Peer 1: 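My questions all concern the structure below.
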Amino acid sequence: MKIARTIEELDACKSALGNGTLAYVPTMGALHEGHLSLVRLAKEKGDYVAVSIFVNPTQFAPHEDFDSYPRIENEDAKSLEAEGVDILFLPTEDIMYPDGKDSDIKAGSAAKGLETTFRPHFFDGVVNIVNRLFNAVKPDLAVFGEKDFQQLQVIKQMVEVLELPIDVIGAPIIRDKSGLALSSRNLYLSEDELVTSRKLNVVLREAARTSDTEAAEKALLDYGFDKIDYVAMRWNRVLGAAWLGETRLIDNVAVR
Ligand code: AMP
């Protein structure tokens with residue numbers, strides 16, 4: 001696995017690859033089996049795989065967890081090497097935002113509501129960085145998790161509107177044995193919070209069966225969640241975001 005920290009190094013790594021398609025998985029690191037499942041899908045779909053780790057400052061509001069977001073670069077690099085990744089791109093802020101952090105593009109209509117109601121800055125930050133990363137990596141296809149279902153829709157829309165020649169592929173949510181969707185932010189949870197967190201998917205599945213999102217919000221509070229941002233139906237899914245202490249969890253399930 002070659003490591004690139006600048007655009008020039010990335011270009012050199014790409015030139016050293018033979019002919020074939022490049023599949024790309026953007027991440028913010030603290031990798032778990034969810035991320036690795038994306039890498040495996042990327043390997044299946046492309047001839048070569050590039051992964052980036054960049055904790056993107058523009059998608060965090062000032063009061064959010066940018067500073068405390070888990071950063072375990074060496075461990076992550078080992079996991080990716082073991083998966084047979086070809087290129088690991090590890091840019092810094094100066095590389096991704098040489099012009100400062102102004103948003104150059106805006107997220108489209110898929111960003112309306114849900115996450116945006118509670119994190120208004122979020123999707124503009126996401127499309128801004130993903131577009132810049134796409135420009136740097138120039139992949140043929142890119143894999144994103146359905147765990148962040150609204151994000152997947154926003155990225156698909158961005159690629160369509162900008163007419164980027166990139167196939168965006170959604171990958172299924174990876175869960176632990178209890179059904180809890182894996183997330184880097186699960187590392188923040190205490191033992192007690194972990195127990196409660198495992199109810200999120202149970203409640204969303206019930207809401208997918210009954211379509212009663214109000215009852216789902218009440219059930220989450222009863223189970224011990226501290227605050228519910230939303231439980232809502234869209235794209236034939238039930239999507240939810242809820243807080244345990246300082247930790248915000250999101251998840252979604254398909255309506256059958
Ligand atoms: P992040 O590092 O949180 O920005 O996530 C990077 C990518 O991994 C995104 O496309 C996420 O949707 C995806 N991802 C995160 N957790 C999971 C999971 N449990 N299952 C599938 N994909 C995931």
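Indexing begins at 1, ligand by ligand and atom by atom, following the structure's order. These numbers come from a predicted model, not from an experiment.
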Peer 1: Using the ring of each side chain (for Trp, its six-membered ring), is Phe144 parallel, tilted or perpendicular to Phe134, with breaks at 30° and 60°?
Peer 2: perpendicular
Peer 1: With respect to Ala181, determine whether any N or O atom, backbone or side chain, lies less than 3.5 Å from an N or O atom of ligand 1.
Peer 2: no
Peer 1: For the residue pair Asn56 / Thr58, report whether a side-chain donor-acceptor contact shorter than 3.5 Å exists.
Peer 2: yes
Peer 1: Going by the salt bridge (Lys or Arg N to Asp or Glu O under 4.0 Å) test, name the single residue among Arg40, Lys177, Arg175 that passes it with Glu33.
Peer 2: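 Of the listed residues Arg40, Lys177, Arg175, the salt bridge (Lys or Arg N to Asp or Glu O under 4.0 Å) partner of Glu33 is Arg40.
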Peer 1: Within 45° of the six-membered ring axis of Phe66 and under 6.0 Å from that ring's centre, is NZ or CZ of Arg71 located there?
Peer 2: yes
Peer 1: Look at atom 20 (N) of ligand 1 and say which protein heavy atom is nearest, naming residue and atom and giving the distance to 0.1 Å.
Peer 2: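 Checking every protein heavy atom, the shortest distance to atom 20 (N) of ligand 1 gives Ile174 N, 2.9 Å.
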Peer 1: Which option wins on minimum heavy-atom distance to atom 15 (C) of ligand 1: Arg185, Gln151, His32?
Peer 2: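 Looking at heavy atoms only, His32 sits closest to atom 15 (C) of ligand 1.
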Peer 1: Starting from atom 13 (C) of ligand 1, which protein heavy atom do you reach first, and at what distance in Å?
Peer 2: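 Answer for atom 13 (C) of ligand 1: Leu38 CD2, 3.6 Å.
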Peer 1: For Gly145, counting its heavy atoms only, list the atoms of ligand 1 lying under 4.0 Å from any of them.
Peer 2: 9 (C), 10 (O), 11 (C), 12 (O), 13 (C), 22 (N)
Peer 1: Does any N/O atom on Asp148 come nearer than 3.5 Å to any N/O atom on ligand 1?
Peer 2: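 In this structure, Asp148 places an N or O atom under 3.5 Å from an N or O of ligand 1.
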Peer 1: Where is the nearest protein heavy atom to atom 1 (P) of ligand 1: which residue, which atom, and how far?
Peer 2: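 In this structure, atom 1 (P) of ligand 1 has His35 NE2, 3.7 Å as its nearest protein heavy atom.
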Peer 1: Does Gln150 reach the main-chain N or O of Glu115 with its side chain, forming a donor-acceptor pair under 3.5 Å?
Peer 2: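 Yes, Gln150 side chain to Glu115 backbone: donor-acceptor pair under 3.5 Å.
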Peer 1: NZ of Lys227: more than 12 outside heavy atoms within 6.0 angstrom?
Peer 2: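 Counting other residues, nucleotides and ligands, NZ of Lys227 exceeds 12 neighbours.
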Peer 1: Please tell me whether Ser190 and Asp192 have a donor and an acceptor in their side chains that are separated by less than 3.5 angstrom.
Peer 2: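 No, no side-chain donor-acceptor contact under 3.5 Å.
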Peer 1: Could you list which atoms of ligand 1 come closer than 4.0 Å to a heavy atom of Pro26?
Peer 2: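 Selected atoms, number and element: 6 (C), 7 (C).
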Peer 1: In terms of atom number and element, which parts of ligand 1 are under 4.0 angstrom from non-hydrogen atoms of Pro172?
Peer 2: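 Matching atoms, with element in brackets: 20 (N), 21 (C).
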Peer 1: Can you list the atoms of ligand 1 that are under 4.0 Å from a heavy atom of Phe144?
Peer 2: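 Checking each atom against Phe144, I get 10 (O).
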Peer 1: Among all protein heavy atoms, pick the one closest to atom 23 (C) of ligand 1 and tell me residue, atom and distance.
Peer 2: Lys147 CB, 3.8 Å
Peer 1: Please identify which atoms of ligand 1 are closer than 4.0 Å to at least one heavy atom of Leu182.
Peer 2: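 The list of qualifying atoms is 16 (N), 17 (C), 18 (C), 19 (N).
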Peer 1: Suppose I only count heavy atoms of Ile173 and a 4.0 Å limit; which atoms of ligand 1 are within that range?
Peer 2: 20 (N), 21 (C)
Peer 1: Which protein heavy atom lies closest to atom 4 (O) of ligand 1, and at what distance to 0.1 Å?
Peer 2: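 I find the closest protein heavy atom is Met28 CG, 3.6 Å.
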Peer 1: Tell me whether Asn135 at atom CG has more than 12 heavy atoms from other residues, nucleotides or ligands lying less than 6.0 Å away.
Peer 2: yes
Peer 1: Is there a polar contact between ligand 1 and Ala171, counting only N or O atoms under 3.5 Å apart?
Peer 2: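 No; the residue has no nitrogen or oxygen that sits under 3.5 Å from a nitrogen or oxygen of the ligand.
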Peer 1: Using the rule side chain to side chain donor-acceptor pair (under 3.5 Å), only one of Asp167, Asp140, Asp47 pairs with Thr21; which is it?
Peer 2: Asp47
Peer 1: Keeping the roles fixed (side chain from Asn186, backbone from Ala181), state whether a donor-acceptor pair exists under 3.5 Å.
Peer 2: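 Yes; judged by distance alone, with no hydrogens or angles, the pair exists.
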